[in-house]
Trainee: 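Got a structure here, written out as structure tokens. Questions coming.
Computed from a prediction, not measured in an experiment: that's the story for all the values here. Every chain is numbered from 1, with letters handed out A, B, ... down the list of sequences.
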There are 2 protein chains.
Amino acid sequence: MKRSSSLHSPTFSPLYRQIKELIMGNLESGEWGPGDPIPSESELASRFGVSQGTVRKAIDEMAAENLLVRQQGKGTFVATHKDPGSAFRFLRLVPNDGVLRVSRSIPLECWRAKAGPDVARTLALEPGAPITIVRRLLKLGDEPVVFDEIYLSSELFPDLSLEVLGTGESLYGLFEARYGVCMVRADERLRAVSADRVSADLLQVAEGSPLLLVERVTFTFGQRPVEWRRGFYSTRNHHYRNQLG
Amino acid sequence: MKRSSSLHSPTFSPLYRQIKELIMGNLESGEWGPGDPIPSESELASRFGVSQGTVRKAIDEMAAENLLVRQQGKGTFVATHKDPGSAFRFLRLVPNDGVLRVSRSIPLECWRAKAGPDVARTLALEPGAPITIVRRLLKLGDEPVVFDEIYLSSELFPDLSLEVLGTGESLYGLFEARYGVCMVRADERLRAVSADRVSADLLQVAEGSPLLLVERVTFTFGQRPVEWRRGFYSTRNHHYRNQLG
DNA sequence: TATCTTATGTCTTATATATGATATTTATAA
DNA sequence: TTATAAATATCATATATAAGACATAAGATA
């Protein structure tokens, strides 16, 4: 293993980061799928021709980014949305009273369309490319709290349909299991808006009442955008929780 | 340096974390103030009787939490809100068009009161303890975008007044410089609400139009809550940005 | 059979050492 | 005096080594 550029070069990246990229490559290619254990640190060290400590530092960073999960005495595993612990990693909505409730995803509609200019741009597709649009309702306990409209490339999620979506399972768990697309990072933009007729009915609030609009672009490995989502959150009995460090 | 409990004990914490706590102690006590350099890694190592690598790991964690800032070749410094880079670390509101604008804090009111049960609870004060309440408007460019109501312990911020607040400077920069209270972490709860008369007027929106309500509890070292804040955000031309990892 | 012990492989923590990069200070030379 | 060069202190990166902790599987014992 040699560094790919001079130490003085602006494109210099330290050895552990190059190792990280190699490991990332194996995740992207699907060689190590979600939930799988990756080889041991020393195994990777000898495979890449670096010391175990260097591999460790690479894995440390990836674990901090929730791409890998360390388990002492067992090994290091590729993060998965099927894991109950990280199943709702991206849902920041919590009930005001703090009481946990069962969550249920209720698919409402699912149809095909052609990407308009805005969808094409955010998903890095050609304008006019085939996309699939999903509408679904998320319930926490008995209360409907989120109405989502989700835009996906039909090429990545070929046979997506209401039947496939079923009822209940975590969406990202499904995407991962069925299409091998692992959601890794997301950018969200939050606004306060007035409920239109459709959202108001679904969320059982008065038309015109304030809702939290959450626009999310979700990325898989390599900063590749694969999902665009507009969610209307009812914040009557819930709130969006955020920690600033 | 010895570990404070057996390796098997549930309260076990590794050596580097104990060192971290010691360093934290020096920050809490104000021995090393914001902006100051802390002693070098090897200096700390010999002072605490551990190896330099252990100190490094402690500092690494604190740098990741934005408590310390490393600067290669210079030293490691206590993070400060005066630093232009991290001046608005806690403000997640960005304009939709992405164009940066100058921000200005405009204090409106500042008065004393006694802590009600809710304020007392969130700020860990005795009910009835003296508190100071500040109302201020935040402008980005010429547009008013945030109307804040801020609750502080009068004991911690003794002579806070409209004059002291002045105009323009970052609030947390002021708190740090004048009162030695360094804001380190914050928990936020977001909701969509309807603008009341006061907020609507100040933010130049129609009464009843949707606003983003951001409730924030801000902590200083040692998880100690020192500020409670309710902010009404206008999301007409701005949005609250969040990254999910 | 059921339970306990041991072995093994893994991650975790800790230490020591060395080289490189960067910013500052000091010494030297023009 | 000024400009350059060398020394120094710092963090950054990489390697090697070791002992501890944890989980599992295999074997030994009651």
Side-chain angles (χ1 to χ4, degrees), chain A residues 1-23 32 35-64 66-79 83 85, chain B residues 1-23 32 35-64 66-79 83 85:
Chain A
M1 191 64 194
K2 280 278 175 291
R3 43 178 54 90
S4 58
S5 64
S6 141
L7 290 176
H8 296 281
S9 155
T11 64
F12 163 73
S13 86
L15 193 50
Y16 77 89
R17 217 171 266 274
Q18 298 175 41
I19 301 301
K20 182 181 167 185
E21 289 310 313
L22 290 178
I23 297 175
W32 305 329
D36 292 351
I38 69 171
S40 78
E41 293 182 352
S42 36
E43 159 73 26
L44 289 174
S46 65
R47 185 182 301 187
F48 295 138
V50 299
S51 83
Q52 177 257 1
T54 305
V55 172
R56 160 166 289 263
K57 189 151 186 178
I59 293 180
D60 276 345
E61 276 203 0
M62 298 179 69
N66 295 311
L67 298 175
L68 299 176
V69 178
R70 313 191 88 125
Q71 244 171 291
Q72 186 166 21
K74 291 192 70 174
T76 302
F77 300 81
V78 182
D83 175 44
Chain B
M1 190 64 194
K2 280 280 174 291
R3 44 177 56 88
S4 57
S5 64
S6 141
L7 289 176
H8 294 280
S9 155
T11 64
F12 164 73
S13 89
L15 194 49
Y16 78 90
R17 214 171 268 274
Q18 299 175 41
I19 300 300
K20 182 181 168 187
E21 289 310 315
L22 290 177
I23 298 175
W32 304 329
D36 292 350
I38 70 172
S40 78
E41 292 180 354
S42 34
E43 159 73 26
L44 289 174
S46 65
R47 184 182 303 187
F48 295 138
V50 299
S51 84
Q52 178 256 2
T54 304
V55 172
R56 158 166 289 264
K57 189 151 184 179
I59 293 179
D60 276 345
E61 276 205 0
M62 298 180 69
N66 295 310
L67 298 175
L68 299 175
V69 178
R70 313 190 89 126
Q71 245 170 292
Q72 186 169 30
K74 290 192 71 176
T76 301
F77 301 81
V78 182
D83 175 43

Trainee: Measure the CH2-CG distance between A/Trp32 and A/Leu68 for me, rounded to the nearest 0.5 Å.
Mentor: 8.5 Å
Trainee: Separation of B/Phe77 atom CZ from D/dA9 atom C1', in whole Å?
Mentor: 12 Å
Trainee: Would you indicate, yes or no, if D/dC11 has its OP1 or OP2 atom less than 4.0 angstrom from a side-chain nitrogen or oxygen of B/Arg56?
Mentor: no
Trainee: I'd like to check A/Glu21 versus A/Gln18 (side-chain heavy atoms, cut-off strictly below 4.5 Å). Are they in contact?
Mentor: no
Trainee: In the structure I gave you, are the side-chain heavy atoms of B/Tyr16 and B/Asp60 within less than 4.5 Å of one another anywhere?
Mentor: no
Trainee: Could you state the CD-C1' distance from B/Gln52 to C/dT19, rounded to the nearest angstrom?
Mentor: 13 Å
Trainee: Please determine, for the side chain of B/Arg70, which listed nucleotide (C/dC11, D/dT13, D/dC11) has the closest atom?
Mentor: D/dC11
Trainee: Taking only residues two or more places apart in sequence or in another chain, which ones pass side chain to side chain contact (heavy atoms under 4.5 Å, CB included) with B/Val69?
Mentor: B/Ala79
Trainee: Are A/Glu61 and A/Lys57 side-chain neighbours, meaning at least one heavy-atom pair lies under 4.5 Å?
Mentor: no
Trainee: Find the distance A/Asp60:CG to C/dA14:P and express it as a whole number of Å.
Mentor: 14 Å
Trainee: Please state how far atom CG in B/Leu15 lies from atom C1' in D/dA18, giving the value in whole angstrom units.
Mentor: 15 Å
Trainee: Send over the distance from B/Arg17 CZ to C/dT12 P, rounded to a whole Å.
Mentor: 12 Å
Trainee: Taking only N/O atoms, report every protein-nucleotides 7-10 of chain C pair under 3.5 Å with atom names and distance.
Mentor:
from	atom 1	to	atom 2	distance (Å)
C/dG9	N2	A/Gly73	O	2.8

Trainee: To the nearest Å, how far apart are A/Met62 CE and C/dC11 P?
Mentor: 14 Å
Trainee: Nearest to the side chain of B/Lys57, heavy atoms from C-beta on, is which of D/dA14, C/dT15, C/dT13?
Mentor: C/dT13
Trainee: I want to check one thing: is the phosphate of D/dT15, taken as OP1 and OP2, less than 4.0 Å away from some side-chain N or O of A/Thr54?
Mentor: yes
Trainee: Salt bridge (Lys or Arg N to Asp or Glu O under 4.0 Å) with B/Asp36: which residues, sequence neighbours excluded?
Mentor: none
